[in-house]
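To keep things clear, I will list the structure first and then write my remarks on it.
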Amino acid sequence: MPEAFEREFFAAPATIVAPLLLGALLTHESDEGAVTVRLTEVEAYLGDGTDPGSHAFRGRTKRNAVMFEEPGHLYAYFTYGMHVCANVACSPAGEASGVLMRGGEIVDGLELARSRRRTAKRDTELARGPARLATAVGIRLTDNGADLLDGPFRLDRGAVPDQIAAGPRTGLSGEGGSASFAWRYWIPSDPTVSPYKRHKTAHD
DNA sequence: TTAAGGATTGACT
DNA sequence: GTCAATCCTTAAT
């Protein structure tokens, strides 16, 4: 039986929490069944005005309100007209930061994940990429604000990875700005880490 | 009220 | 490798 994270664990800035979430197990139970994903890739986003890439950069809005409230909740948002991405809200209530779950390995509920991700040719593609992960686990826009420590969602400690890599975040504009911070963390050599836009990492 | 753009993916050349 | 799809959120009229 895995050990669940405590609320307090998420009351730290996302840059602290993010690398510690690698290897963690996110489970979502719905009418269709349960799916569990082991996180292999995450990104941190701050909200104190220092991080232009963050949705919380310009302060609290209707969309990002969850990030400013109690930590350990799900911040799900809609993007590109068709995709949902899932974050874990971090920092104490009143402060905003979040960890974007970018990739993972499906370790339970494989059949259900496959049926949700028809276009995936291999199991390693089921949750490789933020919107894919959200789809495979069954996260919808209406799940925004859900508690990740109680209810249909659960976030448990998993085996700590042997190695952790850090590098620039992906998909953000403004090279001279926050895109150059090493706030993306992943498990090296894991096949479920998304390969996108890795144009100027200083390692691998 | 309207317009611009996005923490991406999948299809196609 | 390139590019269209598609609609919600935000900021500007």
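Sequence lines set the chain letters: A, B, ... in the order given, protein chains first and strands last, and positions in each chain run from 1.
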Write down the distance between [atom1] ([X]) and [atom2] ([N]), rounded to a whole number of angstrom.
X      : N      : atom1 : atom2 : value
A:H55  : C:dC8  : NE2   : C1'   : 11 Å
A:Y75  : B:dA7  : OH    : C1'   : 9 Å
A:L100 : B:dG6  : CG    : C1'   : 13 Å
A:L74  : B:dA7  : CG    : C1'   : 14 Å
A:L141 : C:dC8  : CG    : P     : 8 Å
A:R132 : B:dA11 : CZ    : P     : 10 Å
A:F57  : C:dT10 : CZ    : P     : 15 Å
A:R128 : B:dT8  : CZ    : C1'   : 13 Å

If the threshold is 4.0 Å, N to carboxylate O, is there a salt bridge linking [X] and [Y]?
X      : Y      : answer
A:R132 : A:E125 : no
A:D123 : A:R117 : no
A:E105 : A:R128 : no

Those residues of residues 61-71 of chain A lying under 4.0 Å from DNA chain C by at least one heavy atom
A:T61, A:R63

Applying a 3.5 Å limit to both distances, which nucleotide forms a Watson-Crick or G-U wobble pair with B:dA7?
none

Partner of C:dT6 under the Watson-Crick or G-U wobble criteria, both distances under 3.5 Å, comes out as none

Could you tell me whether A:R118 contacts a base, only the sugar-phosphate backbone, or nothing, with contacts defined as non-hydrogen atoms closer than 4.0 Å?
nothing

At less than 4.0 Å, is any side-chain N or O atom of A:T119 found next to OP1 or OP2 of B:dG10? Yes or no.
yes

Ignoring backbone atoms, test whether A:H83 places a side-chain nitrogen or oxygen under 4.0 Å from the OP1 or OP2 oxygen of B:dT9.
no

Of C:dT6, C:dC7, B:dT8, the nucleotide closest to the side chain of A:M82 is C:dT6

Tell me which nucleotide among B:dT9, B:dA7, B:dG10 gets nearest to the side chain of A:N87.
B:dA7

Examine the base of C:dA5 for any acceptor or donor lying under 3.5 Å from a partner atom in the side chain of A:Y80, and report the outcome as yes or no.
no

May I ask you to check if A:R157 and A:F9 form a cation-pi contact, with NZ or CZ under 6.0 angstrom from the six-membered ring centre and within 45° of the axis?
yes

Between A:Y77 and A:H55, does the ring centre distance come in under 6.0 Å?
yes

Consider side-chain contact (heavy atoms from CB on, under 4.5 Å). Of A:I139, A:I106, A:L126, which one does A:V35 pass it with?
A:I106

Go through A:R38 and A:T36 one step at a time and tell me if the side chain to side chain donor-acceptor pair (under 3.5 Å) criterion holds.
CA-CA 7 Å; A:R38 170 177 167 264; A:T36 300; over 6 Å; no

Answer yes or no for this row: A:Y45 ring on B:dA7 base, centroids under 5.5 Å, planes under 30°.
yes

Is the base of C:dC8 stacked against the aromatic ring of A:F78, taking ring centres under 5.5 Å apart and planes under 30° as the test?
no

Before giving the answer on side-chain contact (heavy atoms from CB on, under 4.5 Å), spell out for A:C90 and A:V17 the whole-Å C-alpha distance, their side-chain angles and the decisive distance to 0.1 Å.
CA-CA 8 Å; A:C90 297; A:V17 176; 3.9 Å; yes

